[in-house]
There are 2 protein chains.
Amino acid sequence: MTVSIKDVARAAGVSPATVSRALGGGPVSAELRGQVEAAVKATGYRPNLSARRLRSRHSQTIGLIVADISNPFFTAVARAVEDAAYTAGLRVILCNTDENPQKEAMYLQLMEEERVTGVIFAPTRASVDKLARGTYNFPIVLIDRAGRASGQDAVVLDNFAAAGMLVEHLVAQGYHRITGLFGNASTTGVERHDGYVAAMRLAGLAPAARFIAPSIEAAEAEARRWFTQGTVPEAVIASNGLMLMGVVRAMRAAGKRIPQDMAIAGFDNESWTELAGPGLTVIEQPVADIGRTAMKLLLERLDTPDAPARKVVLGGRCVVRGSTSRISPADAPTA
Amino acid sequence: MTVSIKDVARAAGVSPATVSRALGGGPVSAELRGQVEAAVKATGYRPNLSARRLRSRHSQTIGLIVADISNPFFTAVARAVEDAAYTAGLRVILCNTDENPQKEAMYLQLMEEERVTGVIFAPTRASVDKLARGTYNFPIVLIDRAGRASGQDAVVLDNFAAAGMLVEHLVAQGYHRITGLFGNASTTGVERHDGYVAAMRLAGLAPAARFIAPSIEAAEAEARRWFTQGTVPEAVIASNGLMLMGVVRAMRAAGKRIPQDMAIAGFDNESWTELAGPGLTVIEQPVADIGRTAMKLLLERLDTPDAPARKVVLGGRCVVRGSTSRISPADAPTA
DNA sequence: AGCACCTATGAAATCGTTTTCAGTGTCAAC
DNA sequence: GTTGACACTGAAAACGATTTCATAGGTGCT
C-alpha cells in the first residue's frame, strides 16, 4: 500500500540505513546516492513524518498561540512568524484561545504532546504569571503581552510610551476631556492605561478610563452609551484595532462626525484605518518585526537554553490622520 | 527523562497495553482504570502524538491550504474550519500559498508526509485541473474556487449570479459605463467576470473588464491610471475585498468622491466596508458557512470514500450601501 | 461436570524511521 | 607487510505508542 523506506532500499539494492543517510545528507557514496534517488522517484516514496519525529526526537515544529487570528494584528504577526519559521525549516501549529485561559492551558498541553520545539505565545493577563520558566519542556517566547514576567523571553511594544504619545498629540491639538478605552484581558491594556493616565496627569488633565472586553461589540456598546446619555468626551483613545472599530461604528450609527463631535485615536495601523472617516490617527505597531523577532529569540533560545531571558521592547510610530484634527471653536463639541 | 506509557504501566502495576486501553476507552475494569488514572497524574504522563499516529495510522489532522490568511475572507473561513475541526477532534495545519502554484505543490506534498486525513484547499486557477481524484492519498475538498472540476467535492459561491446582481443593482441606479476588475489567479475571478459580462450584455451595455493580480496594490495602480489618464468609468466592480480596498485607496489619494466621481461595488462584506466613505455596496459571502460546510463534506467523504462528488453552491447576499447611490444629473461625472 | 463463550489482561509484534554498532575495504605511512 | 586512519555500509536496536494474539478466569447452558 504505502511505500516505506524499506521498499526504496529494496528497489535501490541497498539497506534502509543507506537510504536514510542518502536522504538526510549523511555520508554516502555518489553512486549509491544516485541509485537511491532513482529508487525514490520510481517508487514515489514519501517519508512518514510521524516516524521520523518519533525516532529522531525532534519535531521541527513550533506552536503559535494567539487570542484570535481574525484580529488583523495577530494575522500580521502570524504571517511573519510563519515566514520566518518556514525559512528555518520549521512548521507552525496555530491555536486560537479567544482570550480564554482554559483554552490556553489546553493548547499548551497539546504542544507538549506534539513535542514541539518551542512556542510563541500571547497570553491573557490571567495566565501570564503562571508561566515560570521550566514549567514546560519547551521554551516559550511571549509576544504582545509580557507583564512583568521576568524569566521569559518576550517581544512587546512600549505600550506605556505609545499611549503617552497619543495623549500628547491630542492635548497639542487642543483636546482636554479625553477618555480611554482599554482591553481587560491582557497586560497590554493595563500598560496602555498606565501610560495614558501618566500622560494625562502630566498635562494637568483628569484621566477617565474604562476597562472593557477587547472586542468590536463591547467598544461599540460603550460608545453608544455615551451618545445616548449625553456624556460624550471630546476625544477617545481605543487600545486596539477592534475597539477602535467599535467606536467608529457607534459614531456612524449615531450620525456623529469625526472629529467635530468626537476625536478618535487608537492602536494598530490596520489598512482600513486610513479609509474610515477622515482617516484615523493610530499607533502603528511593527507587526512584522514582532513576529520575526519572536522567531529569532526562539531560535537563539534553542541554541543556548541557559542564557538569561531577554525582553525586546519595540517602539510604536504615531500616524497622524484627520480623526484628531484641531477643531475650530465654532465647531467645538457642545455637550 | 520523558515519561512514557511504560513508566505509567509500572507505576500502576499493569501492562502498557492496559494503560493504552484505559486511556483510549477500551475494555478495562473500573479498578484498573482508576489505578491507571492515578498513575498518569502521579507521573505527569503526556502521550506522544507522533508515536500514536505512527502506530495507529491515522493522524487526526487535516490541512487547510489557502492563498493568504491575511485576506479577511480566508481568515474568516479558516476560523470556521478550525472550530468545526476542533469539535470533531481534529487538528488543522494551515498553509499560505500566496497564489503560487509551486508552493501549492510543496504543501500538498507536505500533507502527504504528514499523512493527513484530508485537505481543504483553495487552489489557483493553474492547479485546479491537476487535482484529479486519487492523485493524493487523502480526500480534498475545494473551497472558493472549483472551476469545472467535476470529480471533486467543493463549496463555492454562485459567483456568476453574484456578479450579475451587482451589475443589475448599478444599472438600476442609473450607471452605464461600468468597469469590472477581476483577479487573474483564481477561477473565481473568471466566473465573476463571466457573470458581469452576461449581465452587462443583458442590459444592453458594453462590458469593460480587466484581469489583474488580486491584491490591494494592483487594484490601486489600475484605478490610479484611470484618474491620471482621464478615462474614469461611472462605476467599478471589484472582484474581492483586497481589490476593493485598492480602488478606495486610489480614490482617496486622487481626492475623488464616492459615488459622485465614481461609484464602487465589490465582493466580501468585510467589517471595514461599512466604514469607508459612504459605506460600500458589496456581495456578502457566507464565510462561516463555507468553512463549516467544507468540513462537513470532508467528514462525510471520509465516511463514504466512494460516494459521488458533491459541489455545494452557496448564494451571496447583496448589501447595498452609499457607494452606489443614484446620483443627480447635476452631480454626474463629467469625464 | 462439561462445554462454549465472553471479558479482561499481558506478551509480543508492529508502525517507519533514525541511530548505534560493528564491520569491510582502501589507502598512506612506517 | 603490517598498522592505523578513514570512509562507507548493513544489521539490528530504538523511539513510544497501538494492536494482535494468546490465555486466564468467569458465566451460562446443557
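Heavy-atom basis, side chains included; hydrogens, waters and symmetry copies ignored. First the proteins, then the strands, lettered A, B, ... as listed; each starts at 1.
- Applying side chain to side chain contact (heavy atoms under 4.5 Å, CB included) to A:Leu108 and the options A:Val116, A:Thr97, A:Leu131, A:Thr135 leaves one that passes, A:Leu131.
- Within the nucleic acid shown, A:Val14 comes within 4.0 Å of sugar-phosphate atoms alone, with no base atom in reach, counting heavy atoms only.
- The residue from B:Arg145, B:Lys103, B:Glu104 that alone fulfils the side chain to side chain donor-acceptor pair (under 3.5 Å) condition with B:Thr124 is B:Glu104.
- Toward the 5' end of DNA chain D, the nearer of the two residues A:Pro27 and A:Pro16, judged by each one's closest nucleotide, is A:Pro27.
- Contact detail for B:Arg301 and B:Arg310: the closest heavy-atom pair is NH2-N, 4.4 Å.
- Atom pair B:Gln60:CD and D:dT18:C1' shows a separation of 13 Å (rounding to whole Å applied).
- B:Arg79 places a side-chain heavy atom less than 4.5 Å from the side chain of A:Asp98.
- The 12-atom threshold is exceeded at CD of A:Glu300, counting heavy atoms of other residues, nucleotides or ligands nearer than 6.0 Å.
- Taking 4.0 angstrom as the limit, A:Ser20 places a side-chain polar atom (N or O) nearer than this to OP1 or OP2 of C:dT18.
- The nearest whole Å value for the distance from the CZ atom in A:Arg33 to the P atom in D:dC8 is 9 Å.
- Between A:Leu49 atom CG and C:dT18 atom C1' there is a gap of 13 Å when expressed in whole angstrom units.
- Atom-to-atom, CZ of B:Arg53 to C1' of D:dG16 comes out at 13 Å; the value is rounded to the nearest Å.
- One finds a salt bridge joining A:Glu114 and B:Arg91 here, because a Lys/Arg side-chain nitrogen approaches an Asp/Glu carboxylate oxygen to under 4.0 Å.
- Summarising the geometry, the separation between CZ on A:Arg10 and P on D:dG10 is reported as 14 Å, rounded to the nearest angstrom.
- Side-chain atoms of A:Asp7 come within 3.5 Å of backbone N or O of A:Ser4 as a donor-acceptor pair.
- Between A:Thr18 and D:dG10 there is a side-chain N or O to OP1 or OP2 distance below 4.0 Å.
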Report, one pair per line, the protein and nucleotides 13-16 of chain C atoms (nitrogen or oxygen only) whose separation is under 3.5 Å.
unit_1	atom_1	unit_2	atom_2	d
C:dT14	O2	B:Arg55	NH1	2.5
C:dC15	O3'	B:Arg57	NH1	2.7
C:dG16	OP1	B:Arg57	NH1	3.1
C:dG16	OP1	B:Arg57	NH2	3.4

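- In the set D:dG10, C:dA12, D:dC8, D:dC8 carries the atom at the smallest distance from any side-chain atom of A:Ser29.
- The distance from atom CG of B:Leu23 to atom P of D:dT19 is 13 Å, rounded to the nearest whole Å.
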